[in-house]
Amino acid sequence: TETTNHLSKSFTDYLKLDSKHNTATFTQYDTAVRTTVAEQKAGADANNSTLLRSLSDSIGAGQMDIIISDETTFHSFLMTRSYYCMESVFSKEEMEKLKDVLYVPQIKENKKNLAYGICMDKSPIYQSLFKKDKCTVQKPILAILNNTKKVETTKQFVYFLFPNIFAHK
């Protein structure tokens with residue numbers, strides 16, 4: 001989409017990459033769970049299951065570094081232990097800066113109340129990009145996938161998304 005293309009170009013520029021040789025790539029999936037009876041009868045549940053399975057396959061194959069999803073999808077992948085705990089990615093100083101945007105899942109399995117996500121509704125960059133697309137995700141949450149080989153780049157993406165928190169490095 002135009003939005004993901006703009007995001008790719010903006011982040012590539014932010015990283016000061018030579019766009020002829022390296023670019024950031026983003027893919028947008030619609031993972032909204034269909035709940036109406038009419039949509040279920042029309043096969044939306046089967047389509048959604050297929051899409052989530054495809055997304056799971058991409059994650060498992062290490063083809064993705066981060067995911068931004070709604071709370072329901074976030075929790076589905078959290079239960080499969082797909083995410084890094086933010087404390088294992090960011091320093092104490094960075095965590096202090098992020099404290100107002102961290103997402104701590106309130107589930108019984110998270111006994112230590114650790115942050116596994118970042119609330120994207122508080123990112124000025126994310127909001128400006130997706131406002132015009134009328135993003136329907138009520139509470140978008142960013143998670144860093146635990147099989148990424150690009151942890152430092154994912155951190156740079158968070159810095160990019162929150163210029164109000166992090167000065168450009």
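Remember, predicted model here, so these are calculated numbers, not experimental data.
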* To do: Go through the steps to decide whether F74 and Y103 satisfy the test ring pair (Phe, Tyr, Trp, His ring centres under 6.0 Å), and finish with yes or no.
  => CA-CA 11 Å; F74 177 91; Y103 179 75; 5.1 Å; yes
* Check the pair I67 / I144 against side chain to side chain contact (heavy atoms under 4.5 Å, CB included), numbers first and verdict last. => CA-CA 7 Å; I67 185 170; I144 299 173; over 6 Å; no
* Asked: Between I118 and F162, does a side chain to side chain contact (heavy atoms under 4.5 Å, CB included) hold up when you go through it step by step?
  -> CA-CA 10 Å; I118 297 174; F162 291 94; 3.6 Å; yes
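Side-chain contact check for M86 versus L102: some heavy-atom pair is nearer than 4.5 Å. You'll find the side chain of I125 reaches within 4.5 Å of the side chain of P163, heavy atoms only. The side-chain heavy atoms of D65 and K149, taken from C-beta on, include no pair separated by under 4.5 Å. Side-chain atoms of T154 and T148, non-hydrogen and from C-beta on, do get closer than 4.5 Å to each other. You'll find the side chain of S128 stays beyond 4.5 Å of the side chain of Y126, heavy atoms only. Put simply, the side chain of Y84 reaches to within 4.5 Å of the side chain of V151, judged on heavy atoms. Inter-residue side-chain proximity for M120 and I141 is flagged as unmet; no heavy-atom pair is nearer than 4.5 Å. A heavy-atom distance below 4.5 Å is not found between the side chains of D70 and P140.
Ion pairing between E94 and K155 holds under the 4.0 Å rule for side-chain N and carboxylate O.
In terms of heavy-atom proximity, K108 sits nearest to K111 at O-CG, 3.3 Å. The two atoms that bring N110 and P105 nearest to each other are ND2-O, 3.1 Å, heavy atoms only. Looking at every heavy atom in both residues, D100 comes nearest to K122 through O-NZ, 2.9 Å.
No chain of hydrophobic side-chain contacts below 4.5 Å, direct or via other Ile, Leu, Val, Met, Phe, Trp or Tyr residues, connects I165 to V104.
Atom-to-atom distance recorded for S91:OG and M95:CE is 9.0 Å, nearest 0.5 angstrom. Atoms OG and OH, from S82 and Y116 in turn, are 11.5 Å apart once rounded to the nearest 0.5 Å. Remark: S69 OG to L142 CG distance equals 9.0 Å, nearest 0.5 Å. One finds the NZ atom of K139 at 11.0 Å from the OG1 atom of T72 (value rounded to the nearest 0.5 Å). From C119, atom SG reaches atom CD of E71 across 8.5 Å, with rounding to the nearest 0.5 Å.
Under the 30°/60° scheme for interplanar angles, the aromatic rings of Y83 and F77 are found to be tilted. The aromatic rings of F90 and F166 sit parallel, their planes meeting at an angle under 30°, below the 60° perpendicular limit.
For E109, the side-chain hydrogen bond (donor to acceptor under 3.5 Å, both in side chains) test picks out no residue, with sequence neighbours left out.
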